[in-house]
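Notes for the one structure printed next.
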Amino acid sequence: MALRAAEWQKLPISLMELCINTTLRCGQSFRWRKSAEDEWSMVLHGRILSFRQDATYLYYRATFPSALPTPPHSNTPSIAPPIASDEDDTLALIQHYFNLEPNLAQLYEQWASADPNFKKRAPKFTGIRILRQDPWEALIGFICSSNNNISRISGMVHNLCKHYGPLIGHVDGEPYHDFPTPEALADPKVEAHLKELGFGYRAKYIAKTARIVAEEKGLHWLEDLCNPESPIFGKEPKPADELAEGGREGYRKAHEGLLALHGVGPKVADCVCLFGLGWSESVPVDTHVWQIAQRDYKFGKGKHSSLTAATYTAVANRFRQLWGKEAGWAHSVLFTADLKAFSERVVAKSEIKEEKVKVEKEPDGSETIETVTDVTVKRVKRIKTEDEPEHDVVQIVGDLRTRSKRRKAV
DNA sequence: CCTGAACCTGGTGT
DNA sequence: AACACCAGGTTCA
């Protein structure tokens, strides 16, 4: 398999501007895979991209598919066409995908000065950017996300690529496929197959949506819902209209259009708008965000005691009012801070402290001092209820005590 | 408009 | 071990 694996390149960028370890794991894309220690890989625009990062650089490498097609056997997706080697647009692609234009540190400052809660939560979650993902991939990925968890969603999306997406190449012996086209998922056998693969009721949503996009509306319909300022890779940006309370007109049109699809409700539509269509003011209100809105932004009472459609827009509007045009970006920071996968980073009441537990005299005259480094994670939840207005619930997440013994010479 | 129930599945907690 | 509960919700009555 003659794969052209390029050398590692590097792009200077600080962890405050982009942190791939957070951005690629925070549930906005379900397709990134760990290809080695501290190395993330995925297929993008017909090539495998791999990334590493340190404090000063983002390191990247592109692996293009071989020009030689391998013999296809039954039910195997076709091989992607090779890409001309002389015009390597990988750097431009990366800058587009990671959405590197906005100054993130500046935005964090803006959100922090407008919102004390953001200011409190954000310091341990810097460098989170909204990716510019393919609209079609975002649509299918977030249809999979309904009433589901990130780990299973990732597995499902991986299965879609594996069974219906073109094989691009291998990294560390593992095959990497691109995301399937609408046509590939519009096949009549797809629904039953996806059910066998454990997609549950989402199998029907995916099959229906694929048929509508492939045979009725066309992929251009979806791509034309993009924010004109933030078009798909390779297109020229054009200005968008003014921000209103409910978002720009283009955003509202896109959201409305997506709602017509089966399996797409307000939350999924917002995820597609934010992560796939470049509408930065989109604020998906899911269970996490609803919890946050109740805990930190006084929602959950009176008219907005449950997450109805009206409450949904009220919450989203509140966050747009608070954070402005890039409200969806700020939202993702707080969302990530709420994810269990990142719970070790939550603001702990007791930070690392070391205390002596016992001192043992050894027969040889030296003494052994045993210490306990208490890094037990205590997550403090501020709960507000009717009868008890405000009390803290200290949750011991994990006992991470590390005992260290060290010898002290006499 | 709002409410409640059903929906697939796999991991976690009791 | 069996069972409830939950996970980036949506549909239907």
Side-chain angles (χ1 to χ4, degrees), chain A residues 22-32 125 128 130-131 133 137-160 190-209 212 255-276 282-295 299-316 319 327-343 379 381 395-399:
Chain A
T22 315
T23 298
L24 302 183
R25 296 193 304 131
C26 70
Q28 57 173 312
S29 170
F30 305 106
R31 209 144 66 86
W32 287 96
F125 296 90
I128 300 176
I130 299 301
L131 302 169
Q133 299 179 65
E137 175 181 343
L139 173 58
I140 297 302
F142 283 98
I143 284 177
C144 292
S145 78
S146 75
N147 201 11
N148 207 346
N149 58 70
I150 293 179
S151 152
R152 184 157 77 114
I153 301 162
S154 302
M156 289 161 73
V157 171
H158 183 70
N159 262 334
L160 284 179
V190 165
E191 182 179 338
H193 183 214
L194 293 185
K195 276 189 176 152
E196 282 178 29
L197 290 173
F199 279 62
Y201 57 82
R202 302 167 197 84
K204 183 180 290 180
Y205 297 157
I206 292 168
K208 267 190 168 177
T209 297
I212 288 186
H255 193 265
E256 187 186 357
L258 290 166
L259 282 181
L261 299 168
H262 208 46
V264 180
K267 188 270 174 183
V268 168
D270 266 322
C271 288
V272 178
C273 283
L274 179 60
F275 304 125
S282 173
V283 178
V285 182
D286 58 4
T287 52
H288 289 278
V289 177
W290 176 232
Q291 296 301 317
I292 292 167
Q294 293 173 90
R295 185 188 64 200
F299 279 90
K301 300 175 216 173
K303 189 61 216 147
H304 298 133
S305 55
S306 68
L307 187 49
T308 63
T311 305
Y312 184 102
T313 50
V315 171
F319 286 137
W329 292 52
H331 139 280
S332 287
V333 175
L334 295 194
F335 170 82
T336 305
D338 212 55
L339 283 180
K340 264 189 302 217
F342 295 97
S343 61
R379 203 168 12 176
K381 292 195 172 183
Q395 181 187 4
I396 307 301
V397 171
D399 189 356

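Because only heavy atoms are used, hydrogens play no part in the values below, and waters and symmetry mates are left out as well, while side chains stay in. We name chains A, B, ... by the order of the sequence lines, and we start the count at 1 in each one.
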Which nucleotide sits closest to the side chain of [X]: [options]?
| X | options | answer |
| --- | --- | --- |
| Phe275(A) | dT10(C), dT11(C), dG8(C) | dG8(C) |
| Asn147(A) | dC2(B), dG8(C), dC8(B) | dC8(B) |
| Lys340(A) | dC8(B), dT10(C), dA7(C) | dA7(C) |

Could you check how far [atom1] of [X] sits from [atom2] of [N], rounded to whole Å?
| X | N | atom1 | atom2 | answer |
| --- | --- | --- | --- | --- |
| Tyr205(A) | dG8(C) | OH | C1' | 16 Å |
| Ile150(A) | dC6(C) | CD1 | P | 18 Å |
| Ile130(A) | dG8(C) | CD1 | C1' | 13 Å |
| Leu339(A) | dC6(C) | CG | P | 17 Å |
| Ile292(A) | dG8(C) | CD1 | P | 12 Å |
| Trp290(A) | dC6(C) | CH2 | C1' | 18 Å |
| Lys204(A) | dT9(B) | NZ | C1' | 17 Å |
| Ile206(A) | dT9(B) | CD1 | P | 13 Å |

Below the 4.0 Å mark, does dT3(B) have OP1 or OP2 next to a side-chain nitrogen or oxygen of Ser306(A)?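 The answer is yes; a side-chain N or O of Ser306(A) sits under 4.0 Å from OP1 or OP2.
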Side-chain N,O (Thr287(A)) to OP1/OP2 (dG9(C)) below 4.0 Å: yes
Measure the acute angle between the ring planes of His331(A) and Phe335(A), then classify it against the limits of 30° and 60° as parallel, tilted or perpendicular. parallel
In the structure I gave you, are the side-chain heavy atoms of [X] and [Y] within less than 4.5 Å of one another anywhere?
| X | Y | result |
| --- | --- | --- |
| Leu307(A) | Phe299(A) | no |
| Ser282(A) | His255(A) | no |
| Gln291(A) | Gln294(A) | yes |
| Arg202(A) | Met156(A) | yes |

Which one is paired to dT9(B), where only Watson-Crick or G-U wobble pairs with both distances under 3.5 angstrom count?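 dT9(B) is paired, partner dA7(C).
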Tell me which nucleotide, if any, is Watson-Crick or G-U wobble paired with dC2(B) when both distances must be under 3.5 Å.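 dC2(B) is unpaired by these criteria.
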Taking atom [atom1] in both [N] and [M], what distance in whole Å separates the two?
| N | M | atom1 | result |
| --- | --- | --- | --- |
| dC1(B) | dC12(C) | C1' | 16 Å |
| dA4(C) | dC7(B) | P | 15 Å |
| dC8(B) | dA13(C) | P | 15 Å |
| dG8(C) | dT3(B) | P | 25 Å |

Thr311(A) and Thr308(A) side chains, donor-acceptor separation under 3.5 Å: yes
Using a distance-only criterion (donor-acceptor N/O pair, under 3.5 Å, no hydrogens), is the base of [N] paired with the side chain of [X]?
| X | N | value |
| --- | --- | --- |
| Tyr201(A) | dG9(C) | yes |
| Lys267(A) | dG9(C) | no |
| Arg152(A) | dC6(C) | no |

Name the nucleic acid region contacted by [X], choosing base, sugar-phosphate or nothing; use a 4.0 angstrom heavy-atom cut-off, strictly under.
| X | value |
| --- | --- |
| Phe142(A) | nothing |
| Cys26(A) | base |
| Ala310(A) | sugar-phosphate |
| Leu261(A) | sugar-phosphate |
| Val289(A) | nothing |

Between Asn149(A) and Gly263(A), which has a closest nucleotide on DNA chain C that is more 5'?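 The answer here is Asn149(A).
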